[in-house]
Number of protein chains: 2
Amino acid sequence: MEAVKVLIVDDEPNIRDLLSTSLRFAGFSVHAVGNGADAVFAAEKGAPDIILLDVMLPDMNGFSVTKKLRSMGIDAPVLFLTARDETEDKVTGLTVGGDDYMTKPFSLDEVVARINAILRRTKQAEVEESVLEVGEIRINQDAHEVFVNGELVDLSPTEYKLLRFLMSNANRVLTKAQILDHVWEYDFNGEMGIVESYVSYLRKKLDPLTSEPVITTKRGVGYMYKSAKTK
Amino acid sequence: MEAVKVLIVDDEPNIRDLLSTSLRFAGFSVHAVGNGADAVFAAEKGAPDIILLDVMLPDMNGFSVTKKLRSMGIDAPVLFLTARDETEDKVTGLTVGGDDYMTKPFSLDEVVARINAILRRTKQAEVEESVLEVGEIRINQDAHEVFVNGELVDLSPTEYKLLRFLMSNANRVLTKAQILDHVWEYDFNGEMGIVESYVSYLRKKLDPLTSEPVITTKRGVGYMYKSAKTK
DNA sequence: ATAAACTCTCAGACTTCTTTCAGCAAACGG
DNA sequence: CCGTTTGCTGAAAGAAGTCTGAGAGTTTAT
(Lines give C-alpha, C1' and ligand atoms only; values in the text may rest on other atoms or scores of the structure.)
Protein backbone atom coordinates (compact mmCIF):
# COMPACT_ATOMS: atom_id res chain seq x y z
CA MET A 1 0.00 0.00 0.00
CA GLU A 2 1.29 3.39 -0.98
CA ALA A 3 1.91 5.84 1.84
CA VAL A 4 -0.42 8.84 1.95
CA LYS A 5 1.46 12.01 1.04
CA VAL A 6 1.00 15.05 3.25
CA LEU A 7 2.24 18.55 2.48
CA ILE A 8 2.70 20.76 5.55
CA VAL A 9 2.75 24.53 5.10
CA ASP A 10 3.54 26.62 8.18
CA ASP A 11 6.01 29.41 8.81
CA GLU A 12 6.70 28.44 12.44
CA PRO A 13 9.54 25.90 12.41
CA ASN A 14 8.35 24.47 15.73
CA ILE A 15 4.95 23.59 14.39
CA ARG A 16 6.46 22.26 11.19
CA ASP A 17 8.78 19.92 13.04
CA LEU A 18 6.11 18.85 15.46
CA LEU A 19 3.72 17.97 12.65
CA SER A 20 6.39 16.38 10.49
CA THR A 21 7.55 14.07 13.23
CA SER A 22 4.07 13.06 14.34
CA LEU A 23 2.73 12.45 10.89
CA ARG A 24 5.77 10.56 9.75
CA PHE A 25 5.42 8.38 12.81
CA ALA A 26 1.75 7.88 12.00
CA GLY A 27 2.81 6.40 8.67
CA PHE A 28 2.40 9.32 6.33
CA SER A 29 4.91 10.45 3.75
CA VAL A 30 5.64 14.04 4.75
CA HIS A 31 6.99 17.12 3.06
CA ALA A 32 7.09 20.47 4.87
CA VAL A 33 7.59 24.02 3.62
CA GLY A 34 7.46 27.45 5.25
CA ASN A 35 5.69 29.80 2.83
CA GLY A 36 3.05 30.03 0.15
CA ALA A 37 5.33 30.14 -2.86
CA ASP A 38 7.15 26.99 -1.80
CA ALA A 39 3.81 25.38 -1.09
CA VAL A 40 2.58 25.95 -4.62
CA PHE A 41 5.82 24.61 -6.02
CA ALA A 42 5.85 21.58 -3.74
CA ALA A 43 2.20 20.79 -4.40
CA GLU A 44 2.82 20.78 -8.12
CA LYS A 45 5.88 18.57 -7.86
CA GLY A 46 4.82 16.27 -5.05
CA ALA A 47 1.16 15.63 -5.84
CA PRO A 48 0.15 15.43 -2.17
CA ASP A 49 -2.99 13.60 -1.11
CA ILE A 50 -3.75 16.27 1.49
CA ILE A 51 -2.38 19.67 2.44
CA LEU A 52 -2.04 21.11 5.96
CA LEU A 53 -2.08 24.85 5.46
CA ASP A 54 -1.53 27.61 7.97
CA VAL A 55 -3.97 30.42 7.20
CA MET A 56 -1.47 33.15 8.05
CA LEU A 57 1.71 32.87 6.05
CA PRO A 58 4.36 35.55 5.58
CA ASP A 59 4.00 35.85 1.82
CA MET A 60 0.35 35.01 1.15
CA ASN A 61 -2.69 33.96 3.12
CA GLY A 62 -4.41 30.63 2.98
CA PHE A 63 -7.06 31.90 0.63
CA SER A 64 -4.50 33.01 -1.95
CA VAL A 65 -2.61 29.76 -1.74
CA THR A 66 -5.68 27.59 -2.25
CA LYS A 67 -6.89 29.85 -5.03
CA LYS A 68 -3.56 29.39 -6.75
CA LEU A 69 -3.60 25.65 -6.18
CA ARG A 70 -7.14 25.21 -7.41
CA SER A 71 -6.45 27.25 -10.52
CA MET A 72 -3.57 24.91 -11.24
CA GLY A 73 -5.90 21.95 -11.11
CA ILE A 74 -4.59 20.70 -7.79
CA ASP A 75 -7.65 19.67 -5.86
CA ALA A 76 -6.14 17.83 -2.94
CA PRO A 77 -8.23 18.54 0.16
CA VAL A 78 -6.90 21.11 2.59
CA LEU A 79 -6.88 21.09 6.38
CA PHE A 80 -6.51 24.73 7.40
CA LEU A 81 -4.66 25.65 10.57
CA THR A 82 -5.58 28.89 12.28
CA ALA A 83 -4.79 30.62 15.55
CA ARG A 84 -7.71 30.63 17.94
CA ASP A 85 -7.71 34.38 18.50
CA GLU A 86 -7.83 35.32 14.84
CA THR A 87 -11.29 36.58 14.06
CA GLU A 88 -13.18 33.67 12.72
CA ASP A 89 -14.55 35.36 9.64
CA LYS A 90 -11.11 35.03 8.11
CA VAL A 91 -11.82 31.36 7.91
CA THR A 92 -15.28 31.42 6.40
CA GLY A 93 -15.34 30.47 2.76
CA LEU A 94 -12.25 28.33 2.99
CA THR A 95 -13.62 24.89 3.54
CA VAL A 96 -14.84 23.95 0.11
CA GLY A 97 -15.59 20.37 -0.83
CA GLY A 98 -13.99 18.04 1.68
CA ASP A 99 -11.83 20.68 3.34
CA ASP A 100 -11.84 21.37 7.05
CA TYR A 101 -10.01 23.54 9.49
CA MET A 102 -8.69 23.29 13.01
CA THR A 103 -7.52 25.86 15.50
CA LYS A 104 -4.10 26.09 17.08
CA PRO A 105 -3.08 24.83 19.46
CA PHE A 106 -4.27 21.36 18.54
CA SER A 107 -3.36 17.92 19.83
CA LEU A 108 -1.22 15.69 17.66
CA ASP A 109 -3.57 12.77 17.85
CA GLU A 110 -6.37 15.05 16.72
CA VAL A 111 -4.46 16.08 13.59
CA VAL A 112 -4.05 12.50 12.52
CA ALA A 113 -7.72 11.82 13.19
CA ARG A 114 -8.82 14.83 11.18
CA ILE A 115 -6.55 13.96 8.26
CA ASN A 116 -7.97 10.47 8.15
CA ALA A 117 -11.51 11.82 8.37
CA ILE A 118 -10.95 14.10 5.39
CA LEU A 119 -9.28 11.41 3.32
CA ARG A 120 -12.11 9.04 4.13
CA ARG A 121 -14.61 11.62 2.97
CA THR A 122 -12.82 12.51 -0.22
CA LYS A 123 -11.52 9.01 -0.87
CA GLN A 124 -8.33 10.47 -2.29
CA ALA A 125 -6.32 7.58 -0.97
CA GLU A 126 -6.40 4.28 0.84
CA VAL A 127 -7.02 5.15 4.42
CA GLU A 128 -7.85 3.64 7.75
CA GLU A 129 -11.33 2.57 8.70
CA SER A 130 -13.82 4.90 10.27
CA VAL A 131 -14.66 2.37 12.95
CA LEU A 132 -12.07 1.51 15.55
CA GLU A 133 -12.98 -1.64 17.42
CA VAL A 134 -10.84 -3.29 20.06
CA GLY A 135 -12.27 -5.84 22.42
CA GLU A 136 -15.61 -4.81 23.81
CA ILE A 137 -15.38 -1.18 22.73
CA ARG A 138 -16.18 0.28 19.34
CA ILE A 139 -15.58 3.89 18.27
CA ASN A 140 -17.30 5.38 15.26
CA GLN A 141 -14.96 8.18 14.34
CA ASP A 142 -17.28 9.86 11.85
CA ALA A 143 -20.01 10.22 14.44
CA HIS A 144 -17.68 10.59 17.42
CA GLU A 145 -19.66 7.87 19.13
CA VAL A 146 -18.43 5.22 21.54
CA PHE A 147 -20.18 1.91 22.08
CA VAL A 148 -19.36 -0.53 24.86
CA ASN A 149 -20.90 -3.88 24.07
CA GLY A 150 -23.42 -2.12 21.88
CA GLU A 151 -24.34 0.51 24.44
CA LEU A 152 -23.71 4.17 23.65
CA VAL A 153 -21.50 5.95 26.16
CA ASP A 154 -21.34 9.70 26.46
CA LEU A 155 -17.80 11.04 26.67
CA SER A 156 -16.43 14.55 26.90
CA PRO A 157 -14.07 15.66 24.09
CA THR A 158 -10.94 14.95 26.12
CA GLU A 159 -12.23 11.62 27.36
CA TYR A 160 -12.97 10.67 23.77
CA LYS A 161 -9.53 11.65 22.53
CA LEU A 162 -7.83 9.80 25.37
CA LEU A 163 -9.77 6.62 24.74
CA ARG A 164 -9.10 6.78 21.03
CA PHE A 165 -5.38 7.18 21.65
CA LEU A 166 -5.30 4.29 24.10
CA MET A 167 -7.29 2.05 21.78
CA SER A 168 -5.23 2.79 18.71
CA ASN A 169 -2.22 1.71 20.77
CA ALA A 170 -3.93 -1.28 22.33
CA ASN A 171 -1.80 -3.78 24.21
CA ARG A 172 1.10 -1.35 24.34
CA VAL A 173 2.10 0.56 27.44
CA LEU A 174 2.00 4.32 27.05
CA THR A 175 3.75 6.64 29.46
CA LYS A 176 1.89 9.58 30.90
CA ALA A 177 4.26 11.85 29.03
CA GLN A 178 3.39 10.20 25.73
CA ILE A 179 -0.29 10.47 26.45
CA LEU A 180 0.05 14.10 27.42
CA ASP A 181 1.99 14.87 24.26
CA HIS A 182 -0.47 13.19 21.93
CA VAL A 183 -3.84 13.82 23.48
CA TRP A 184 -3.43 17.31 24.96
CA GLU A 185 -2.80 20.48 23.01
CA TYR A 186 0.87 20.96 22.27
CA ASP A 187 1.17 24.06 24.42
CA PHE A 188 -0.35 22.47 27.49
CA ASN A 189 1.89 23.07 30.46
CA GLY A 190 0.07 21.55 33.37
CA GLU A 191 0.98 18.52 35.37
CA MET A 192 0.75 14.88 34.40
CA GLY A 193 -1.74 14.34 37.18
CA ILE A 194 -4.41 15.32 34.69
CA VAL A 195 -3.85 12.07 32.84
CA GLU A 196 -4.60 10.19 36.05
CA SER A 197 -7.78 12.19 36.46
CA TYR A 198 -9.00 11.43 32.98
CA VAL A 199 -8.12 7.75 33.20
CA SER A 200 -10.21 7.74 36.34
CA TYR A 201 -13.11 9.41 34.53
CA LEU A 202 -12.90 6.91 31.70
CA ARG A 203 -12.82 3.95 34.03
CA LYS A 204 -15.85 5.22 35.87
CA LYS A 205 -17.79 5.34 32.63
CA LEU A 206 -16.44 2.23 30.92
CA ASP A 207 -15.83 -0.37 33.60
CA PRO A 208 -19.49 -0.82 34.61
CA LEU A 209 -20.17 -1.96 31.06
CA THR A 210 -17.24 -4.26 30.40
CA SER A 211 -16.61 -7.77 31.66
CA GLU A 212 -13.23 -6.71 33.01
CA PRO A 213 -11.39 -3.37 33.32
CA VAL A 214 -10.03 -2.24 29.97
CA ILE A 215 -7.39 0.23 31.12
CA THR A 216 -4.52 -1.35 33.02
CA THR A 217 -2.09 0.60 35.17
CA LYS A 218 1.55 -0.31 34.74
CA ARG A 219 2.93 1.12 37.93
CA GLY A 220 5.95 3.35 37.40
CA VAL A 221 5.47 3.20 33.65
CA GLY A 222 2.06 4.25 32.41
CA TYR A 223 -1.23 2.89 31.13
CA MET A 224 -2.33 0.30 28.65
CA TYR A 225 -5.58 -0.50 26.90
CA LYS A 226 -5.84 -4.25 27.09
CA SER A 227 -7.79 -6.68 24.99
CA ALA A 228 -7.45 -10.35 24.23
CA LYS A 229 -8.18 -10.07 20.55
CA THR A 230 -7.48 -7.03 18.47
CA LYS A 231 -9.78 -6.79 15.50
CA MET B 1 -22.07 4.58 -13.50
CA GLU B 2 -20.66 7.31 -15.67
CA ALA B 3 -19.91 10.61 -13.98
CA VAL B 4 -22.12 13.51 -14.96
CA LYS B 5 -20.16 16.04 -17.03
CA VAL B 6 -20.47 19.70 -16.09
CA LEU B 7 -19.12 22.61 -18.12
CA ILE B 8 -18.50 25.78 -16.09
CA VAL B 9 -18.36 29.10 -17.92
CA ASP B 10 -17.42 32.15 -15.84
CA ASP B 11 -14.85 34.87 -16.29
CA GLU B 12 -14.10 35.25 -12.59
CA PRO B 13 -11.36 32.74 -11.70
CA ASN B 14 -12.51 32.70 -8.07
CA ILE B 15 -15.98 31.52 -8.95
CA ARG B 16 -14.61 29.07 -11.47
CA ASP B 17 -12.31 27.45 -8.91
CA LEU B 18 -14.94 27.48 -6.21
CA LEU B 19 -17.43 25.73 -8.45
CA SER B 20 -14.88 23.32 -9.86
CA THR B 21 -13.76 22.14 -6.46
CA SER B 22 -17.25 21.82 -5.04
CA LEU B 23 -18.68 20.00 -8.00
CA ARG B 24 -15.74 17.68 -8.35
CA PHE B 25 -16.16 16.84 -4.68
CA ALA B 26 -19.86 16.21 -5.30
CA GLY B 27 -18.87 13.61 -7.85
CA PHE B 28 -19.21 15.46 -11.12
CA SER B 29 -16.72 15.46 -13.93
CA VAL B 30 -15.83 19.11 -14.35
CA HIS B 31 -14.40 21.30 -17.09
CA ALA B 32 -14.14 25.07 -16.66
CA VAL B 33 -13.56 27.89 -19.15
CA GLY B 34 -13.54 31.69 -18.91
CA ASN B 35 -15.30 33.06 -22.00
CA GLY B 36 -17.99 32.38 -24.55
CA ALA B 37 -15.78 31.28 -27.40
CA ASP B 38 -14.05 28.68 -25.27
CA ALA B 39 -17.42 27.59 -23.97
CA VAL B 40 -18.72 26.85 -27.45
CA PHE B 41 -15.56 24.96 -28.28
CA ALA B 42 -15.56 22.99 -25.03
CA ALA B 43 -19.24 22.15 -25.32
CA GLU B 44 -18.73 20.73 -28.78
CA LYS B 45 -15.74 18.67 -27.74
CA GLY B 46 -16.78 17.62 -24.27
CA ALA B 47 -20.47 16.85 -24.72
CA PRO B 48 -21.42 18.08 -21.24
CA ASP B 49 -24.61 16.93 -19.56
CA ILE B 50 -25.20 20.39 -18.15
CA ILE B 51 -23.68 23.84 -18.53
CA LEU B 52 -23.21 26.46 -15.79
CA LEU B 53 -23.14 29.74 -17.65
CA ASP B 54 -22.41 33.20 -16.34
CA VAL B 55 -24.76 35.61 -18.10
CA MET B 56 -22.20 38.38 -18.34
CA LEU B 57 -19.09 37.25 -20.16
CA PRO B 58 -16.38 39.47 -21.63
CA ASP B 59 -16.81 38.37 -25.24
CA MET B 60 -20.47 37.50 -25.53
CA ASN B 61 -23.52 37.35 -23.30
CA GLY B 62 -25.39 34.28 -22.19
CA PHE B 63 -28.02 34.69 -24.85
CA SER B 64 -25.46 34.63 -27.66
CA VAL B 65 -23.72 31.61 -26.24
CA THR B 66 -26.86 29.55 -25.87
CA LYS B 67 -28.10 30.58 -29.31
CA LYS B 68 -24.81 29.44 -30.77
CA LEU B 69 -24.92 26.18 -28.85
CA ARG B 70 -28.48 25.40 -29.82
CA SER B 71 -27.75 26.10 -33.47
CA MET B 72 -24.98 23.54 -33.24
CA GLY B 73 -27.37 20.94 -31.95
CA ILE B 74 -26.07 21.01 -28.37
CA ASP B 75 -29.14 20.86 -26.20
CA ALA B 76 -27.63 20.29 -22.78
CA PRO B 77 -29.61 22.21 -20.17
CA VAL B 78 -28.12 25.45 -18.90
CA LEU B 79 -27.99 26.80 -15.37
CA PHE B 80 -27.46 30.54 -15.77
CA LEU B 81 -25.47 32.44 -13.17
CA THR B 82 -26.34 36.07 -12.73
CA ALA B 83 -25.54 38.91 -10.36
CA ARG B 84 -28.43 39.79 -8.08
CA ASP B 85 -28.76 43.36 -9.29
CA GLU B 86 -29.00 42.47 -12.96
CA THR B 87 -32.59 42.89 -14.06
CA GLU B 88 -34.26 39.57 -14.13
CA ASP B 89 -35.88 40.15 -17.49
CA LYS B 90 -32.48 39.53 -19.00
CA VAL B 91 -32.67 36.01 -17.70
CA THR B 92 -36.31 35.08 -17.91
CA GLY B 93 -36.23 34.97 -21.69
CA LEU B 94 -33.32 32.58 -21.55
CA THR B 95 -34.55 29.82 -19.37
CA VAL B 96 -36.48 27.79 -21.88
CA GLY B 97 -36.83 24.04 -21.77
CA GLY B 98 -35.09 22.56 -18.77
CA ASP B 99 -32.96 25.59 -18.08
CA ASP B 100 -32.84 27.48 -14.81
CA TYR B 101 -30.93 30.35 -13.29
CA MET B 102 -29.51 31.30 -9.93
CA THR B 103 -28.21 34.56 -8.56
CA LYS B 104 -24.75 35.20 -7.21
CA PRO B 105 -23.71 34.83 -4.52
CA PHE B 106 -25.10 31.35 -4.07
CA SER B 107 -24.35 28.63 -1.55
CA LEU B 108 -22.29 25.68 -2.68
CA ASP B 109 -24.77 23.13 -1.49
CA GLU B 110 -27.47 24.94 -3.41
CA VAL B 111 -25.60 24.69 -6.71
CA VAL B 112 -25.35 20.94 -6.41
CA ALA B 113 -29.02 20.72 -5.53
CA ARG B 114 -30.03 22.84 -8.49
CA ILE B 115 -27.89 20.87 -10.91
CA ASN B 116 -29.43 17.64 -9.71
CA ALA B 117 -32.90 19.13 -9.98
CA ILE B 118 -32.33 20.14 -13.58
CA LEU B 119 -30.85 16.81 -14.58
CA ARG B 120 -33.72 15.03 -12.91
CA ARG B 121 -36.19 17.12 -14.84
CA THR B 122 -34.47 16.72 -18.19
CA LYS B 123 -33.32 13.17 -17.53
CA GLN B 124 -30.09 13.86 -19.34
CA ALA B 125 -28.18 11.58 -17.05
CA GLU B 126 -28.32 9.21 -14.13
CA VAL B 127 -28.75 11.37 -11.11
CA GLU B 128 -29.52 11.22 -7.45
CA GLU B 129 -33.01 10.76 -6.11
CA SER B 130 -35.39 13.64 -5.64
CA VAL B 131 -36.54 12.40 -2.27
CA LEU B 132 -34.12 12.44 0.61
CA GLU B 133 -35.38 10.35 3.51
CA VAL B 134 -33.45 9.71 6.68
CA GLY B 135 -35.10 8.45 9.80
CA GLU B 136 -38.39 10.18 10.49
CA ILE B 137 -37.85 13.06 8.08
CA ARG B 138 -38.43 13.11 4.35
CA ILE B 139 -37.49 15.94 2.00
CA ASN B 140 -38.96 16.25 -1.44
CA GLN B 141 -36.30 18.26 -3.19
CA ASP B 142 -38.37 19.04 -6.25
CA ALA B 143 -41.17 20.56 -4.21
CA HIS B 144 -38.96 21.87 -1.42
CA GLU B 145 -41.26 20.18 1.03
CA VAL B 146 -40.31 18.65 4.34
CA PHE B 147 -42.34 15.94 6.03
CA VAL B 148 -41.78 14.77 9.57
CA ASN B 149 -43.60 11.49 10.09
CA GLY B 150 -45.90 12.42 7.25
CA GLU B 151 -46.67 15.88 8.54
CA LEU B 152 -45.70 18.87 6.41
CA VAL B 153 -43.40 21.35 8.14
CA ASP B 154 -42.92 24.91 7.00
CA LEU B 155 -39.27 25.94 6.88
CA SER B 156 -37.60 29.15 5.78
CA PRO B 157 -35.13 28.87 2.87
CA THR B 158 -32.10 28.82 5.13
CA GLU B 159 -33.65 26.34 7.52
CA TYR B 160 -34.41 24.10 4.56
CA LYS B 161 -30.87 24.26 3.18
CA LEU B 162 -29.36 23.58 6.59
CA LEU B 163 -31.57 20.57 7.17
CA ARG B 164 -30.82 19.20 3.73
CA PHE B 165 -27.09 19.54 4.29
CA LEU B 166 -27.28 17.86 7.68
CA MET B 167 -29.42 15.06 6.33
CA SER B 168 -27.25 14.37 3.31
CA ASN B 169 -24.39 13.94 5.77
CA ALA B 170 -26.39 11.95 8.28
CA ASN B 171 -24.51 10.25 11.09
CA ARG B 172 -21.41 12.29 10.44
CA VAL B 173 -20.32 15.20 12.61
CA LEU B 174 -20.03 18.46 10.69
CA THR B 175 -18.08 21.40 12.06
CA LYS B 176 -19.70 24.81 12.14
CA ALA B 177 -17.17 26.00 9.58
CA GLN B 178 -18.16 23.27 7.16
CA ILE B 179 -21.82 24.02 7.64
CA LEU B 180 -21.29 27.73 7.15
CA ASP B 181 -19.24 27.24 4.01
CA HIS B 182 -21.66 24.84 2.39
CA VAL B 183 -25.04 26.20 3.41
CA TRP B 184 -24.47 29.96 3.42
CA GLU B 185 -23.62 32.09 0.43
CA TYR B 186 -19.94 32.02 -0.39
CA ASP B 187 -19.38 35.68 0.42
CA PHE B 188 -20.99 35.51 3.83
CA ASN B 189 -18.59 36.84 6.39
CA GLY B 190 -20.50 36.89 9.61
CA GLU B 191 -19.92 34.84 12.69
CA MET B 192 -20.45 31.15 13.20
CA GLY B 193 -23.04 31.92 15.85
CA ILE B 194 -25.58 32.02 13.09
CA VAL B 195 -25.29 28.27 12.70
CA GLU B 196 -26.25 27.90 16.35
CA SER B 197 -29.25 30.15 15.81
CA TYR B 198 -30.51 28.18 12.87
CA VAL B 199 -29.97 24.86 14.56
CA SER B 200 -32.08 26.25 17.36
CA TYR B 201 -34.82 27.29 14.91
CA LEU B 202 -34.80 23.86 13.29
CA ARG B 203 -35.02 22.08 16.61
CA LYS B 204 -37.95 24.18 17.66
CA LYS B 205 -39.82 23.14 14.54
CA LEU B 206 -38.72 19.53 14.24
CA ASP B 207 -38.38 18.17 17.75
CA PRO B 208 -42.08 18.41 18.67
CA LEU B 209 -42.83 16.03 15.81
CA THR B 210 -40.09 13.45 16.22
CA SER B 211 -39.79 10.68 18.77
CA GLU B 212 -36.35 11.94 19.75
CA PRO B 213 -34.22 14.96 18.84
CA VAL B 214 -32.73 14.57 15.38
CA ILE B 215 -29.90 17.11 15.59
CA THR B 216 -27.21 16.20 18.09
CA THR B 217 -24.66 18.65 19.42
CA LYS B 218 -21.14 17.28 19.58
CA ARG B 219 -19.64 19.75 22.01
CA GLY B 220 -16.38 21.22 20.79
CA VAL B 221 -16.83 19.65 17.37
CA GLY B 222 -20.08 20.48 15.65
CA TYR B 223 -23.50 19.09 14.85
CA MET B 224 -24.81 15.83 13.52
CA TYR B 225 -28.10 14.63 12.09
CA LYS B 226 -28.68 11.31 13.72
CA SER B 227 -30.76 8.37 12.68
CA ALA B 228 -30.63 4.70 13.46
CA LYS B 229 -31.26 3.53 9.94
CA THR B 230 -30.24 5.48 6.87
CA LYS B 231 -32.44 4.75 3.92
C1' DA C 1 -47.82 50.85 0.75
C1' DT C 2 -48.21 47.96 4.44
C1' DA C 3 -47.66 43.83 6.72
C1' DA C 4 -45.40 39.64 7.29
C1' DA C 5 -41.46 36.90 7.09
C1' DC C 6 -36.75 36.27 7.20
C1' DT C 7 -31.74 37.03 8.30
C1' DC C 8 -28.36 38.14 11.37
C1' DT C 9 -26.29 39.81 15.75
C1' DC C 10 -25.89 39.98 20.47
C1' DA C 11 -26.01 39.30 25.41
C1' DG C 12 -27.22 36.71 29.34
C1' DA C 13 -28.44 32.29 31.14
C1' DC C 14 -27.15 27.93 31.25
C1' DT C 15 -24.65 23.64 30.86
C1' DT C 16 -20.67 20.99 30.59
C1' DC C 17 -15.78 20.46 30.68
C1' DT C 18 -11.06 21.22 32.28
C1' DT C 19 -7.76 21.58 35.63
C1' DT C 20 -5.93 21.56 40.14
C1' DC C 21 -5.56 19.85 44.63
C1' DA C 22 -5.79 17.29 48.80
C1' DG C 23 -6.61 13.24 51.21
C1' DC C 24 -6.70 8.45 50.93
C1' DA C 25 -5.33 3.78 49.07
C1' DA C 26 -2.25 0.62 47.11
C1' DA C 27 2.26 -1.04 45.82
C1' DC C 28 7.04 -1.28 46.64
C1' DG C 29 11.66 -1.63 48.85
C1' DG C 30 14.47 -2.46 52.46
C1' DC D 1 6.46 -4.25 58.60
C1' DC D 2 6.96 0.42 58.11
C1' DG D 3 8.08 4.43 55.49
C1' DT D 4 8.01 6.10 50.90
C1' DT D 5 6.47 6.48 46.48
C1' DT D 6 2.96 6.21 43.20
C1' DG D 7 -1.68 6.16 41.84
C1' DC D 8 -6.81 7.01 42.62
C1' DT D 9 -10.75 9.88 43.20
C1' DG D 10 -14.00 13.43 44.87
C1' DA D 11 -14.60 18.30 45.35
C1' DA D 12 -14.53 22.74 43.57
C1' DA D 13 -13.35 26.93 40.95
C1' DG D 14 -13.01 28.73 36.79
C1' DA D 15 -13.20 28.41 31.75
C1' DA D 16 -15.32 27.33 27.66
C1' DG D 17 -18.98 26.12 24.76
C1' DT D 18 -23.83 26.29 23.70
C1' DC D 19 -28.70 27.83 23.70
C1' DT D 20 -32.22 31.09 23.10
C1' DG D 21 -35.00 35.33 23.25
C1' DA D 22 -35.11 39.97 21.77
C1' DG D 23 -34.45 43.25 18.40
C1' DA D 24 -32.72 45.78 14.27
C1' DG D 25 -32.50 45.75 9.55
C1' DT D 26 -33.79 43.85 5.24
C1' DT D 27 -36.48 41.41 1.87
C1' DT D 28 -40.70 39.50 0.16
C1' DA D 29 -45.55 39.13 -0.43
C1' DT D 30 -50.17 41.04 -0.61
Side-chain angles (χ1 to χ4, degrees), chain A residues 83-85 87-89 92 102-107 110 144 146 153-163 166 173-177 179-180 183-208 213-224, chain B residues 84-85 88 103 105-107 110 144 146 153-163 173-177 179-181 183-208 213-224:
Chain A
R84 184 158 298 169
D85 53 355
T87 54
E88 295 192 345
D89 37 18
T92 58
M102 76 189 307
T103 52
K104 296 182 189 178
F106 41 77
S107 81
E110 185 66 11
H144 275 234
V146 177
V153 180
D154 190 53
L155 299 183
S156 81
T158 304
E159 288 164 359
Y160 173 82
K161 281 184 247 175
L162 173 57
L163 178 61
L166 290 172
V173 183
L174 299 165
T175 66
K176 286 176 204 167
I179 294 173
L180 211 50
V183 176
W184 269 261
E185 297 171 350
Y186 57 74
D187 69 342
F188 179 81
N189 64 353
E191 293 299 313
M192 287 195 284
I194 198 167
V195 178
E196 293 171 20
S197 284
Y198 270 90
V199 167
S200 174
Y201 294 152
L202 270 184
R203 283 173 170 156
K204 206 186 323 188
K205 290 186 178 179
L206 301 177
D207 287 353
V214 283
I215 303 174
T216 311
T217 302
K218 293 287 169 182
R219 194 183 169 81
V221 190
Y223 297 100
M224 183 174 87
Chain B
R84 184 156 296 168
D85 52 355
E88 296 191 353
T103 53
F106 40 78
S107 83
E110 186 65 10
H144 275 234
V146 177
V153 180
D154 188 53
L155 299 183
S156 80
T158 305
E159 288 163 358
Y160 172 81
K161 279 183 253 178
L162 173 58
L163 179 61
V173 184
L174 299 166
T175 65
K176 286 177 204 167
I179 295 173
L180 205 52
D181 288 346
V183 175
W184 270 261
E185 297 170 351
Y186 56 76
D187 68 342
F188 178 83
N189 69 350
E191 295 295 318
M192 289 187 197
I194 197 165
V195 178
E196 293 171 25
S197 285
Y198 270 87
V199 166
S200 176
Y201 297 154
L202 269 184
R203 282 174 170 157
K204 209 184 318 187
K205 291 186 178 178
L206 302 177
D207 286 354
V214 283
I215 302 174
T216 311
T217 302
K218 291 286 165 180
R219 181 175 246 260
V221 190
Y223 296 100
M224 182 173 87

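Near DNA chain D, meaning a heavy atom under 4.0 Å from it, residues 187-200 of chain A has A:Glu196, A:Ser197, A:Ser200 in order of number.
Per the geometry, CG belonging to B:Leu155 stands 15 Å off P belonging to C:dA5, to the nearest Å. Distance A:Tyr160 OH to C:dT18 C1': 19 Å, rounded to the nearest Å. Residue B:Lys161 contributes atom NZ, which lies 11 Å from atom C1' of C:dT7 at whole-angstrom precision. One interatomic measurement links the two molecules: CG of A:Leu162 to C1' of C:dC17, which rounds to 14 Å at whole-angstrom precision.
The line from CG of A:Asp187 to NZ of A:Lys104 is 11.5 Å long, rounded to the nearest 0.5 Å. Rounding to the nearest 0.5 Å gives a distance of 6.0 Å between CG of A:Leu162 and CD1 of A:Ile215. Interatomic distance, CZ of A:Phe188 versus CD1 of A:Ile194, reported as 4.0 Å (0.5 Å rounding). For the atom pair NZ of B:Lys161 and CD of B:Glu110, the computed distance is 5.0 Å after rounding to the nearest 0.5 Å.
The side chain of B:Ser156 lies closest to C:dC6, out of C:dT18, C:dA27, C:dC6.
Ring geometry for B:His144 against B:Tyr160 counts as parallel: the plane angle stays under 30°, on a 0 to 90° scale with 60° as the upper cut. Aromatic ring orientation, B:Tyr186 versus B:Phe106: perpendicular (interplanar angle above 60°, classes split at 30° and 60°).
Heavy atoms from other residues, nucleotides or ligands lying under 6.0 Å from CD of B:Glu185 number more than 12.
Under the side chain to side chain contact (heavy atoms under 4.5 Å, CB included) test applied with A:Tyr223, the options A:Leu174, A:Leu202, A:Thr217 reduce to a single match, A:Thr217.
Regarding contacts with the backbone of C:dT7, every side-chain N or O of B:Trp184 stays at 4.0 angstrom or more from both OP1 and OP2.
A:Lys205 places a side-chain N or O within donor-acceptor distance of the main-chain N or O of A:Asp154, the cut-off being under 3.5 Å.
Contacts between chain A and DNA chain D, taken as any atom within less than 4.0 angstrom of a protein heavy atom, begin and end at D:dT5 to D:dA11.
If you find the closest nucleotide of DNA chain C to A:Glu159 and to A:Arg219, the one lying nearer the 5' end belongs to A:Glu159.
Below the 3.5 angstrom threshold, one finds a donor paired with an acceptor across the side chain of A:Tyr201 and the base of C:dT19.
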